[in-house]
Amino acid sequence: MASSLLSRVPTTATNTISFSSSLNNNLPFPCRRLSLLTIPFPNKPNRKIPAIQAKIREIFMPALSSTMTEGKIVSWIKSEGDLLSKGESVVVVESDKADMDVETFYDGILAAIVVGEGEVAPVGAAIGLLAETEDDVAEAKSRASSKSSSTPSPPPPPPTSDVQPSSSSPPVKPTSSTPPTVSEGPKKTVMTPYAKKLAKQHKVNVESIVGTGPFGRITPADVESAAGVSPSSKSVSQISNVASSIPSAPVSSPPPKASPSAPSLPDIPGSTIVPFTTMQSAVSKNMVESLSVPTFRVGYPMKTDALDALYEKVKPKGVTMTALLAKAAAMALAQHPVVNASCKDGKSFTYNTSINIAVAVAINGGLITPVLQDADKLDLYLLSQKWKELVEKARSKQLQPHEYNSGTFTLSNLGMFGVDRFDAILPPGQGAIMAVGASKPTVVTDEDGYFSVKNQMLVNVTADHRVIYGADLASFLKTFAKIIENPESLTL
C-alpha cells in the first residue's frame with residue numbers, strides 16, 4: 001500500500017489538499033492524473049491535512065477516440081524493470097482507427113505488465129504498474145498477480161433434483177404460472193380439422209388414438225400413424241405451425257418439438273471463421289448505428305469535360321481527382337450550410353462553423369475517413385499536399401484522433417474502379433455523404449435539342465432527413481454541378 005504522510009499546515013486563510021493517483025484511491029472511475037484541489041477552511045486554522053504520495057501508479061488504457069471503448073495492446077516498447085521518464089513512450093495501443101504510442105505521466109520503474117501483447121482491455125483499465133523505487137517493485141508485482149486472479153468466476157448453475165415426489169406427498173397448490181388441474185370426467189376428443197379429414201379418409205376410429213399435440217390434441221401425424229401410413233410433409237408442417245401458435249403445457253405425452261423462429265444457418269463445409277479486427281468492429285458498430293437515422297437519397301448527373309481537362313493540367317503538380325472533388329464540395333457547402341449541419345440527439349441540429357471534408361479510404365483490413373479540415377479555406381495545391389500526408393498516415397495507422405473523427409461531410413469516390421453509381425451509408429454524427437461514380441461518355445442534349453457525346457458522372461448524396469430536406473439537397477447538388485462544369489474557380 002502507498003504510504004501517507006501527515007504534515008502540519010501553517011495557519012492561513014486557505015488550506016489545500018494534494019492528491020496524486022495511486023492504487024489506494026478507490027475511485028469509481030479511471031484517473032491518470034489529479035491536479036491540486038483547493039478547499040477553503042476559514043474557521044479551522046490548525047487542521048491536520050494528510051498529504052498522500054503514491055509509490056505505485058497504474059498505466060491506464062487511454063481513450064484514443066470518442067468512439068473507442070476498448071484497446072488492443074500491439075506491443076510493449078518497454079520491458080518489465082526498465083526505468084521510465086515522464087513523457088516517454090511505453091506501449092503501442094491499437095484503437096478502433098489507428099495505432100498510437102502511450103506515454104507515461106510519471107518517472108519510475110515499469111514494475112509489472114498487466115495486459116500482454118495481443119490482449120484487449122477496456123478504456124480506463126490498468127495495463128501496467130509503475131513503481132517509484134526498486135523497493136516497491138515486488139509489491140507492484142504482487143498486486144499485478146492479484147489483479148489477474150481477481151476475475152470472478154461465473155456462479156455455478158443451481159442443482160437440479162432427480163428425486164421424484166412420492167404418491168403420499170401433498171398436492172402442490174397451483175400458481176399463476178401453473179395451469180389448474182382438469183377434473184376427471186368424460187373427455188372430449190380434440191383434433192385438428194385436417195386430422196378429422198384424414199381420419200375419415202383412412203377410416204380410423206379417433207376414440208382409440210392418443211393425441212400427441214398440445215393438451216392431448218390429435219394431430220394429422222397421429223391419425224396417419226394409427227392408419228399405418230407414413231406422415232406427409234403437409235401434416236408435418238401443420239404440426240409445426242400448430243405447435244408454434246399454441247402455448248405449451250405439461251401433459252403426460254412428450255411435447256412436440258417447437259420450430260425456431262430464427263433458425264441458425266448451417267456451417268458450410270470448408271469455411272473459415274475470421275474474427276473482426278478492432279477497426280472492423282468499429283465500422284460494424286457505426287453501420288448499425290446509422291440504421292436509426294431516417295435518410296433519403298438524391299442523384300444528380302453532371303458533365304465533367306471541363307473538370308477532366310483541368311485535372312490533366314494540374315495532375316503533374318500532384319493534384320488528385322479526390323482533392324478536386326473535395327474542394328468543389330467544400331465550396332458548395334459554404335453556400336448551403338444546412339447540408340454541412342448535423343443532428344446528434346434527435347431534438348436539435350448543429351450548424352458547423354468549419355467545413356471538414358472526410359474522404360473514405362480503403363486500407364488493409366478496414367476503412368477509414370481522413371479529414372481535410374477547413375477545406376474551403378485551403379487552396380487546391382495545399383489541399384492536395386495535405387491529402388497526400390493524410391493517406392500516408394492512414395495506411396501506416398498513424399492518424400491522430402482529430403484527423404479522422406472531426407468530419408462534417410463525407411466524400412466517397414469509387415469512380416476510379418469504373419463504378420458508375422452507388423449509394424453510400426451515412427456516417428453517425430454527420431448530415432450527408434456524397435457517392436461519386438465514374439465519368440463516362442454519354443449521349444446528352446443541349447438547350448436547343450441537339451445531341452452530342454459528353455463525359456458525364458452521376459453523384460448520389462445520402463442525407464439525414466431530420467436536418468436536410470429534398471429542396472436543400474437539390475439546391476446543393478445544383479451548385480456543386482455548376483462548380484464541376486465550370487471548374488476555373490477551384491484553382492483561385
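In what follows, residues are counted from 1 in the order of the sequence shown. Basis for what follows: all heavy atoms, side chains included, without hydrogens, waters or symmetry-related copies.
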A.B. asks: Spell out, as yes or no, whether a donor-acceptor pair under 3.5 Å connects the side chain of Ser354 to the backbone of Asn356.
C.D. replies: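 The answer is no, because no donor-acceptor pair under 3.5 Å joins these two groups.
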
A.B. asks: So, Ser439 versus Gln456: side-chain donor-acceptor pair below 3.5 Å or not?
C.D. replies: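 Not at all, the side chains of Ser439 and Gln456 share no donor-acceptor pair under 3.5 Å.
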
A.B. asks: Given Arg466 and Asp464, is the salt bridge (charged side-chain N to carboxylate O under 4.0 Å, His left out) satisfied, shown in steps?
C.D. replies: CA-CA 5 Å; Arg466 298 172 300 178; Asp464 186 347; 2.8 Å; yes

A.B. asks: Can a salt bridge be assigned to the pair Lys393 and Glu389 using a cut-off of 4.0 Å between side-chain N and carboxylate O?
C.D. replies: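 Result for this pair is no, no salt bridge flagged.
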
A.B. asks: Using a strict threshold of under 4.0 Å (side-chain N to carboxylate O), is an ion pair present between Lys397 and Glu94?
C.D. replies: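 Yes, charged N to carboxylate O under 4.0 Å.
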
A.B. asks: Let's go through Thr408 and Gln430 carefully: what are the C-alpha distance in whole Å and the side-chain angles of both, what is the deciding distance for side chain to side chain donor-acceptor pair (under 3.5 Å) to 0.1 Å, and is it a yes or a no?
C.D. replies: CA-CA 6 Å; Thr408 59; Gln430 296 185 19; over 6 Å; no

A.B. asks: Under 3.5 Å, side chain of Ser412 to main-chain N/O of Ala424, donor-acceptor pair present?
C.D. replies: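 Answer holds: no.
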
A.B. asks: Phe476 vs His336 aromatic rings, parallel, tilted or perpendicular, using cut-offs 30° and 60°?
C.D. replies: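 The arrangement is perpendicular - the two ring planes meet at more than 60°.
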
A.B. asks: Side chain to side chain contact (heavy atoms under 4.5 Å, CB included), that's the test. Do Ile484 and Thr304 meet it? Break it down for me.
C.D. replies: CA-CA 7 Å; Ile484 292 297; Thr304 61; 4.2 Å; yes

A.B. asks: Run the side chain to side chain contact (heavy atoms under 4.5 Å, CB included) test on Leu324 and Leu380 for me, step by step, so that the C-alpha distance in whole Å, both residues' side-chain angles and the decisive distance to 0.1 Å come before the verdict.
C.D. replies: CA-CA 7 Å; Leu324 286 170; Leu380 182 62; 3.5 Å; yes

A.B. asks: Does atom OH of Tyr469 have more than 12 heavy-atom neighbours from other groups under 6.0 Å away?
C.D. replies: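 Atom OH in Tyr469 is not packed in, count stays at 12 or less.
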
A.B. asks: As a quick check of understanding, evaluate side chain to side chain contact (heavy atoms under 4.5 Å, CB included) for Ile368 and Glu403, giving each step before the final call.
C.D. replies: CA-CA 10 Å; Ile368 197 168; Glu403 293 176 325; over 6 Å; no

A.B. asks: Can a donor-acceptor pair be found, under 3.5 Å and without considering hydrogens, that links the side chain of Glu88 to the backbone of Glu103?
C.D. replies: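 No; judged by distance alone, with no hydrogens or angles, the pair does not exist.
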
A.B. asks: Tell me, with the steps shown, if Arg57 and Leu129 meet side chain to side chain contact (heavy atoms under 4.5 Å, CB included).
C.D. replies: CA-CA 6 Å; Arg57 296 185 173 92; Leu129 297 180; over 6 Å; no

A.B. asks: Okay, side chain of Asp420, backbone of Ala438: is any donor-acceptor separation there less than 3.5 Å?
C.D. replies: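 Checking the backbone N and O of Ala438 against the side chain of Asp420, no donor-acceptor pair under 3.5 Å is found.
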
A.B. asks: Looking at Arg395, I want to see if its CZ is surrounded by more than 12 non-hydrogen atoms of other residues, nucleotides or ligands under 6.0 Å.
C.D. replies: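 At most 12 heavy atoms, drawn from other residues, nucleotides or ligands, come within 6.0 Å of this atom.
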
A.B. asks: Has Asp472 got a side-chain atom pairing as donor or acceptor with Ser475's backbone, closer than 3.5 angstrom?
C.D. replies: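 Not at all, since once roles are kept as given, no pair shorter than 3.5 Å links the two residues.
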
A.B. asks: Salt-bridge test for Asp305 and Lys303: reply yes if a basic N is under 4.0 Å from a carboxylate O, no otherwise.
C.D. replies: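 Result for this pair is no, no salt bridge flagged.
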
A.B. asks: Got a sec: does the CD1 of Ile268 have more than 12 other heavy atoms crowding it under 6.0 Å?
C.D. replies: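 No, not enclosed.
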
A.B. asks: Is Lys141 reaching over with its side chain to a backbone N or O of Ala111, donor-acceptor style, under 3.5 angstrom?
C.D. replies: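 Indeed, once roles are kept as given, a pair shorter than 3.5 Å links the two residues.
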
A.B. asks: Checking Asp82 side chain against Leu110 main chain: does a donor-acceptor pair fall under 3.5 Å?
C.D. replies: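 Flag not set: sc Asp82 to bb Leu110 has no pair under 3.5 Å.
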
A.B. asks: Quick one: does Glu117's side chain have a donor or acceptor within less than 3.5 Å of a partner on Trp76's backbone?
C.D. replies: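 Confirmed, Glu117 side chain pairs with Trp76 backbone.
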
A.B. asks: Fit a plane to each ring of Tyr351 and Phe349, take the angle between them on a 0 to 90° scale, and name the class: parallel (under 30°), tilted (30 to 60°) or perpendicular (over 60°).
C.D. replies: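 The arrangement is perpendicular - the two ring planes meet at more than 60°.
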
